[in-house]
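Inspection log for the structure reproduced underneath, given as structure tokens.
What you are looking at is a predicted structure, and each value in this text was computed from that prediction instead of being measured.
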Amino acid sequence: MLTLASKLKRDDGLRGSRAPAAASDSTRRVSVRDRLLVKEVAELEANLPYEGYYQGGKFQFETEVPDAYNMVPPKVKCLTRIWHPNITETGEICLSLLREHSIDGTGWAPTRTLKDVVWGLNSLFTDLLNFDDPLNIEAAEHHLRDKEDFRNKVEDYIKRYAR
């Protein structure tokens, strides 16, 4: 199995290693991670579309990228208080691609990138808004009971927390 780390080692060997010979594996992993992050962040600078219940809100997320990235998913938390069926008011997020293992096969894979995470988070505000399998059950039930009042509460949260 060819991994990115082994490819980069092979590429460095062909060009003459820039790293000291005594570099540890953990240093090399961080280096690979950093290279991936620089590339992915550069690709994320385009604006994302805004539509749906959460239009006009500015939501802040914290992303922790582990040393073992891209073999394990980043940990993501929503820092902005939000009324959402798939995000708790404390910031926990239900998004299958953030799971290291998932039954449906849509969890994290080494081929995924931070760009996929950003697009997945964006989709939680549009087409992946899931009221049938919620993390925030109270928000989902609120939507089922009274869609207009749900919209009003979302708008109130945006005015109070997401400007």
Side-chain angles (χ1 to χ4, degrees), residues 1-8 29-145 147 150-163:
M1 178 173 153
L2 179 66
T3 64
L4 184 57
S6 63
K7 180 185 180 326
L8 288 172
R29 263 188 306 204
V30 172
S31 175
V32 169
R33 180 195 70 172
D34 290 348
R35 288 186 209 179
L36 287 170
L37 293 177
V38 167
K39 179 181 177 223
E40 291 174 20
V41 168
E43 292 174 359
L44 290 174
E45 291 180 348
N47 291 323
L48 296 173
Y50 293 97
E51 57 188 68
Y53 287 114
Y54 302 92
Q55 183 174 0
K58 294 180 182 174
F59 302 93
Q60 196 172 36
F61 293 85
E62 176 181 72
T63 304
E64 179 186 326
V65 181
D67 287 343
Y69 176 81
N70 64 339
M71 298 307 287
V72 297
K75 298 196 182 336
V76 181
K77 181 176 183 173
C78 184
L79 300 177
T80 308
R81 195 162 173 203
I82 186 171
W83 190 243
H84 193 290
N86 309 113
I87 303 173
T88 66
E89 288 187 81
T90 58
E92 298 165 73
I93 300 168
C94 179
L95 182 61
S96 61
L97 70 86
L98 293 175
R99 294 185 198 131
E100 196 164 344
H101 306 286
S102 77
I103 296 170
D104 63 2
T106 59
W108 188 258
T111 55
R112 293 198 184 270
T113 65
L114 287 178
K115 188 174 176 180
D116 295 320
V117 173
V118 170
W119 285 111
L121 291 171
N122 185 63
S123 293
L124 282 179
F125 293 93
T126 56
D127 57 325
L128 282 182
L129 189 61
N130 187 349
F131 295 99
D132 297 324
D133 185 22
L135 183 60
N136 183 343
I137 295 168
E138 189 179 349
E141 289 174 348
H142 185 191
H143 181 265
L144 292 174
R145 262 190 333 271
K147 288 178 180 43
F150 175 84
R151 179 180 293 283
N152 291 337
K153 188 164 184 173
V154 167
E155 289 173 0
D156 179 53
Y157 269 54
I158 289 172
K159 287 176 189 163
R160 292 168 65 189
Y161 308 112
R163 291 287 174 188

Candidate pair Val118 and Phe61, rule side-chain contact (heavy atoms from CB on, under 4.5 Å), full reasoning: CA-CA 10 Å; Val118 170; Phe61 293 85; over 6 Å; no
Residue pair Leu144, Phe150: steps toward the side-chain contact (heavy atoms from CB on, under 4.5 Å) verdict: CA-CA 9 Å; Leu144 292 174; Phe150 175 84; over 6 Å; no
Derivation and outcome, side-chain contact (heavy atoms from CB on, under 4.5 Å), residues Leu97 and Val117: CA-CA 7 Å; Leu97 70 86; Val117 173; 3.7 Å; yes
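Taking the six-membered ring where tryptophan is involved, the planes of His84 and Phe125 are perpendicular, since the angle between them exceeds 60° and thus also 30°.
For the residue pair Glu92 and Leu135, the shortest heavy atom distance occurs at O-CD2, 3.5 Å. Contact detail for Arg163 and Lys159: the closest heavy-atom pair is CG-O, 3.7 Å. Taking each heavy atom of Leu129 and Leu124 in turn, the nearest pair found is CD1-O, 3.4 Å. Minimum interatomic distance between Pro85 and Asn130 (heavy atoms only, all atoms of both residues): CB-O, 3.6 Å. A pairwise comparison of heavy atoms in Ile87 and Cys78 identifies CG2-CB, 3.8 Å as the closest pair. Annotation for Pro73 and Arg99: closest pair CG-C, 4.2 Å, computed over non-hydrogen atoms.
Residue Leu95 holds its CG atom at 10.0 Å from CG of Asp116, rounded to the nearest 0.5 Å. Distance check, rounded to the nearest 0.5 Å: CD1 of Ile82 to OH of Tyr157 gives 10.0 Å. Within the model, atoms SG of Cys94 and CG of Asp133 stand 5.5 Å from one another, a figure rounded to the nearest 0.5 Å. Separation of atoms CZ (Phe59) and CZ (Arg81) is listed at 13.0 Å; rounding is to 0.5 Å. Rounded to the nearest 0.5 Å, atoms CZ (Phe131) and CD1 (Ile137) are 14.0 Å apart. The structure places NZ of Lys58 at 12.0 Å from CD1 of Ile158, a figure rounded to the nearest 0.5 Å.
Of the candidates Glu138, His142, Glu155, Glu89, Trp83 forms a side chain to side chain donor-acceptor pair (under 3.5 Å) with just one, namely His142.
Under the 4.5 Å side-chain criterion, counting only non-hydrogen atoms from C-beta, Tyr69 is in contact with Thr113.
Residues that satisfy the salt bridge (charged side-chain N to carboxylate O under 4.0 Å, His left out) test with Glu62, not counting sequence neighbours, are absent from this structure. Residues that satisfy the side-chain hydrogen bond (donor to acceptor under 3.5 Å, both in side chains) test with Asp156, not counting sequence neighbours, are Arg160.
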